[in-house]
Amino acid sequence: MPRPHPPFKPCPCGSGRSYAACCGPHHSGEQDAPTPEALMRSRYSAYALADADYLRRTWHPDTCPPDLDLNDGTRYTGLKIHRAEGDEVEFTATLKAPGGQTHRMRERSRFVRLGEGWVYLDAAPE
Ligand SMILES: [Zn+2]
């Protein structure tokens, strides 16, 4: 008898994998994101799922904003990773504002190691 599959829930980061096999274990704290790209993906998913705790946990304490409002109605509709090299990940995130407008945000994010895992530091200047 094959094991019944849990319902397939695609990961919000757009990897094509299921949430449980992609960003889920990072969000639950089961497993630290092993690379800056994995962390970037899991942070995007955390925005999509309004998981502010995870975002704070993976944000460098020096740059983490004191207030983080994830309930402003923005929807996160797509992530494209352009380049992941060393401690930098360049990506475009597609967002839909509450009014229905689509925004594309391109950023080169910088990550640093802190303790056992990686944390988000800031966006590299243009
Ligand atoms: Zn994912």
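Order of appearance sets the numbers: ligands from 1, and atoms from 1 within every ligand.
When the ring pair (Phe, Tyr, Trp, His ring centres under 6.0 Å) test is applied to Tyr120, the partners found at least two apart in sequence or on another chain are Trp59, Phe111. Arg104 is linked by a salt bridge (charged side-chain N to carboxylate O under 4.0 Å, His left out) to nothing, counting only residues two or more places apart in sequence or in another chain.
Of all protein N/O/S atoms, those under 2.8 Å from the Zn ion (ligand 1) are Cys11 SG, Cys13 SG, Cys22 SG, Cys23 SG, and waters are not counted.
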Exercise answer: donor-acceptor pairs, residues 15-26 side-chain atoms, under 3.5 Å, sequence neighbours excluded:
unit_1: Ser15; atom_1: OG; unit_2: Arg17; atom_2: N; d: 3.2
unit_1: Arg17; atom_1: NH1; unit_2: Ala21; atom_2: O; d: 3.1
unit_1: Ser18; atom_1: OG; unit_2: Ala21; atom_2: N; d: 3.3
unit_1: Tyr19; atom_1: OH; unit_2: His27; atom_2: ND1; d: 2.8
unit_1: His26; atom_1: ND1; unit_2: Gln31; atom_2: O; d: 2.8

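Between Ser109 and Glu107, the side chains place a donor N or O and an acceptor N or O closer than 3.5 Å (distance only, hydrogens not considered).
Side-chain contact check for His103 versus Gln101: some heavy-atom pair is nearer than 4.5 Å. You'll find the side chain of Arg110 stays beyond 4.5 Å of the side chain of Asp87, heavy atoms only.
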